[in-house]
**Q** 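The structure is given below, and queries will be raised subsequently.
All values below come from the heavy atoms of this structure, side chains included, with hydrogens, waters and symmetry mates left out.
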Amino acid sequence: MWEAVHIIEGLLKNFSEVKPTTVHADTQGQSQPVFALAHLLGFDLMPRIRNWKGLTFHRVSKSTEYVHIDALFGEVGKNVIDWDLIESQFRHPMKVAVSVREGAVPSSTLLKRLRSGSKKNATYAAFREVGRVIRTVQPLCLKTAGRVGSATSAAARPSAATSYARPL
C-alpha cells in the first residue's frame, strides 16, 4: 500500500487547529489513483520524484503539441488523457471521495481495490485518468516555478496549471 494513502487517512482524522493541505511522500508514495484521490479530497500529493526522465506526461489531445516541452510528452498522439471517460465516469470518483471524507470507507481499503489489476473497473479507470491529469500538471508547475528538488515545493499548486486542467 502506498504511504501517501496512510498519510491522507491521518489528515482526514485530524481534528487539531492545524489543517495541512499537502501530502509529502517518498517515490513509492505515488500512483495515478492516489493522485486523483488526494486531489478530490483537497490535498496536494507531493511525492519525491527520483527519476524525472522516467515520468510519463499526458497530452490534452492527440494533436496537441507544446512549444519547448513537447519532448516530455513523447510521440504526438500517444499518452493522451481520455476526457470522455472522465466526463462519463466522474460521478464514481466523486462518490468515493465523499465516502472517504465522511469516513464510510477507509481510503486504504478503497485503494487496495483500485490497484492496477482493476483496469476494467470504470471507477479505477476514472481515478486513473484524473490522476494522469494531476500527475502531469503538478511536475510542470513545480518545474516552471523553479521548485524541482526543493523540500518547500508544497507551495506550488496544481490548480495554477493554466488551461491544462480547465476541463476538470
**Q** Linking I/L/V/M/F/W/Y whenever their side-chain heavy atoms sit closer than 4.5 Å, directly or via other members, would I134 and L55 fall into one cluster?
**A** yes
**Q** Nearest heavy-atom pair of L45 and F35: which atoms, and what distance?
**A** O-CE2, 3.7 Å
**Q** Who pairs with D70 by salt bridge (Lys or Arg N to Asp or Glu O under 4.0 Å), at least two apart in sequence or on another chain?
**A** R59
**Q** To the nearest 0.5 angstrom, please state how far the CZ atom of R132 sits from the CD atom of Q32.
**A** 5.0 Å
**Q** If hydrophobic clusters are built by linking Ile, Leu, Val, Met, Phe, Trp and Tyr wherever their side-chain heavy atoms come under 4.5 Å apart, do L85 and V137 end up in the same one?
**A** no
**Q** Could you tell me whether K13 atom NZ has more than 12 heavy atoms of other residues or ligands within 6.0 Å of it?
**A** no
**Q** Are the side chains of T56 and R135 in touch, meaning some heavy atoms are under 4.5 Å apart?
**A** no
**Q** Give me the atom names and distance for the closest heavy-atom approach of A36 to F127.
**A** CB-O, 3.2 Å
**Q** Looking only at heavy atoms, which two atoms of V60 and W83 are closest? And how far apart?
**A** O-NE1, 2.8 Å
**Q** List the atom of F43, the atom of L12, and the distance in Å for their closest heavy-atom pair.
**A** CE1-CD2, 3.9 Å
**Q** Which atom pairs, donor and acceptor, lie under 3.5 Å between side-chain atoms of residues 92-104 and protein residues at least two apart or in another chain?
**A**
unit_1: H92; atom_1: NE2; unit_2: Q89; atom_2: OE1; d: 3.0
unit_1: S99; atom_1: OG; unit_2: K95; atom_2: O; d: 3.0
unit_1: R101; atom_1: NH2; unit_2: L41; atom_2: O; d: 2.2

**Q** Might you point out which heavy atoms bring F73 and I69 nearest each other, and give the distance in Å?
**A** CD1-O, 3.5 Å
**Q** Got a donor-acceptor contact below 3.5 angstrom from the E129 side chain to the I86 backbone?
**A** no
**Q** To the nearest 0.5 angstrom, please state how far the CZ atom of R91 sits from the OG1 atom of T123.
**A** 8.5 Å
**Q** Could you state whether F57 and V133 fall into the same hydrophobic cluster, counting links through intermediate Ile, Leu, Val, Met, Phe, Trp or Tyr residues with side-chain heavy atoms under 4.5 angstrom apart?
**A** yes
**Q** Minimum heavy-atom separation for V80 to H58, with atom names?
**A** N-CD2, 4.4 Å
